[in-house]
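Below is one structure, written out as structure tokens, with a few remarks after it.
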Amino acid sequence: MSSITKKSFQKVAAQMGTRRRALGLGGVPHWVTPGDIRRMAERSGVTGIVDVRIESDQGIQTGNAFIEFETGHLTRKASTLLAGSQVSGIPITVTGFEHALSARNKKNYIMDPSRPLTGAKSPATTVIYGFPSRYEVKDVREFLHDYRLSLFGTPNEAYEKVFESQGTSRWAIHLQSYSDAWRLVRHLHMKRFHLTSRGESLLAARVLH
């Protein structure tokens with residue numbers, strides 16, 4: 001067998017091995033974690049989950065998620081079990097079957113925290129949703145001052161506005177430790193704070209893996 005033929009054969013074999021082993025989901029709320037999706041699926045009777053991924057683009061979730069399974073049969077079975085499901089009270093849709101991703105193609109996804117990729121002292125990023133759009137680095141620093149965070153880089157590098165729309169903004173906080181990132185989430189996620197003279201604002205937070 002020539003080297004070209006052998007490579008072609010290996011490519012086809014790899015594609016067959018990953019064919020239809022992931023189930024796509026749409027309409028996933030930005031505050032939902034891969035662990036939330038896994039628990040929702042398992043409560044619905046789904047088995048054989050290998051991985052759960054939430055798609056993101058430059059730290060901003062797209063509303064799409066993928067559940068990867070051990071076999072194509074389990075993927076098809078899950079599509080029936082998850083039809084009409086809700087996660088955190090929000091209806092989601094099954095968008096179809098996908099190829100399972102190889103490890104090198106998973107860098108744009110938030111991974112299932114039940115299979116952590118980093119240790120407690122590894123750098124991590126927390127994204128905070130719901131700050132007023134007028135907020136600048138100094139405002140975010142002042143709001144988070146009491147948390148005494150260990151920043152990854154200079155303040156201007158560690159505090160990064162990643163999205164702004166309809167009067168609110170999202171900020172990525174780059175930190176030196178995974179534990180600091182999760183500490184922010186525990187203290188801020190789905191909590192209300194006085195950020196403007198108009199009253200309380202609801203914040204959400206999540207760790208990017």
Side-chain angles (χ1 to χ4, degrees), residues 24-40 43 52-66 84-93 95 108-113 118 120 122-209:
L25 303 176
V28 177
H30 66 76
W31 62 83
V32 168
T33 68
D36 294 330
I37 294 176
R38 176 184 283 267
R39 287 187 289 273
M40 176 274 297
R43 285 195 298 267
V52 181
R53 306 184 300 274
I54 295 179
E55 186 180 56
S56 64
D57 182 8
Q58 297 182 349
I60 301 171
Q61 289 183 220
T62 63
N64 298 319
F66 303 90
S85 293
Q86 295 185 358
V87 59
S88 293
I90 305 298
I92 59 173
T93 58
T95 58
N108 293 325
Y109 294 87
I110 302 166
M111 306 304 293
D112 187 341
T118 57
S122 299
T125 297
T126 297
V127 175
I128 303 174
Y129 307 76
F131 281 129
S133 59
R134 63 173 177 79
Y135 261 37
E136 300 177 356
V137 169
K138 62 181 179 64
D139 301 304
V140 180
R141 286 185 67 186
E142 181 179 353
F143 176 78
L144 298 175
H145 177 266
D146 291 341
Y147 291 96
R148 302 187 182 280
L149 302 167
S150 298
L151 302 178
F152 190 80
T154 67
N156 284 333
E157 294 170 335
Y159 296 97
E160 179 186 4
K161 183 185 285 189
V162 294
F163 186 74
E164 181 179 340
S165 177
Q166 298 181 344
T168 64
S169 60
R170 301 177 189 175
W171 284 77
I173 316 300
H174 305 296
L175 302 165
Q176 288 190 16
S177 73
Y178 197 61
S179 56
D180 261 2
W182 274 110
R183 181 159 59 91
L184 272 186
V185 171
R186 288 194 299 270
H187 283 268
L188 301 181
H189 186 59
M190 303 308 289
K191 305 286 179 60
R192 293 185 176 275
F193 299 89
H194 286 281
L195 303 178
T196 67
S197 59
R198 297 180 180 180
E200 293 184 335
S201 299
L202 180 67
L203 295 183
R206 64 172 303 111
V207 175
L208 292 186
H209 299 261

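- One finds the CD1 atom of I173 at 11.5 Å from the CG atom of D180 (value rounded to the nearest 0.5 Å).
- Of all the heavy atoms in V137 and P155, the pair that sits closest is CG1-O, 4.1 Å.
- In this structure, F143 has its ring center no closer than 6.0 Å to that of Y135.
- Heavy-atom minimum distance, T125 versus A172: CG2-CB, 3.8 Å.
- Here the closest heavy-atom approach between residue L195 and residue P132 is recorded as CD1-CD, 3.8 Å.
- Note that CG of L203 is 5.5 Å distant from CZ of F193, once rounded to the nearest 0.5 Å.
- Taking all atoms of both residues into account, the shortest heavy-atom contact from H174 to E160 is NE2-OE1, 2.8 Å.
- Residues that satisfy the side chain to side chain donor-acceptor pair (under 3.5 Å) test with K161, not counting sequence neighbours, are E164.
- In this structure, I37 CD1 and R53 CZ are separated by 11.0 Å, a value rounded to the nearest 0.5 Å.
- When side chains are defined from C-beta on, F66 does not count as touching V52, because their heavy atoms never get closer than 4.5 Å.
- L202 CG to M190 CE: the interatomic distance, rounded to the nearest 0.5 Å, is 4.5 Å.
- Of the inter-residue distances, the one linking R192 atom CZ with S201 atom OG reads 8.5 Å to the nearest 0.5 angstrom.
- Contacts classified as salt bridge (charged side-chain N to carboxylate O under 4.0 Å, His left out) and involving residues 131-144 (residues at least two apart or in different chains) are not found.
- Note that CG of L175 is 8.5 Å distant from CZ of R183, once rounded to the nearest 0.5 Å.
- The minimum heavy-atom distance linking T126 with A181 is given by the pair OG1-O, 2.9 Å.
- Seen from the ring of Y129, R170 does not count as a face-on cation partner, given the 6.0 Å and 45° thresholds.
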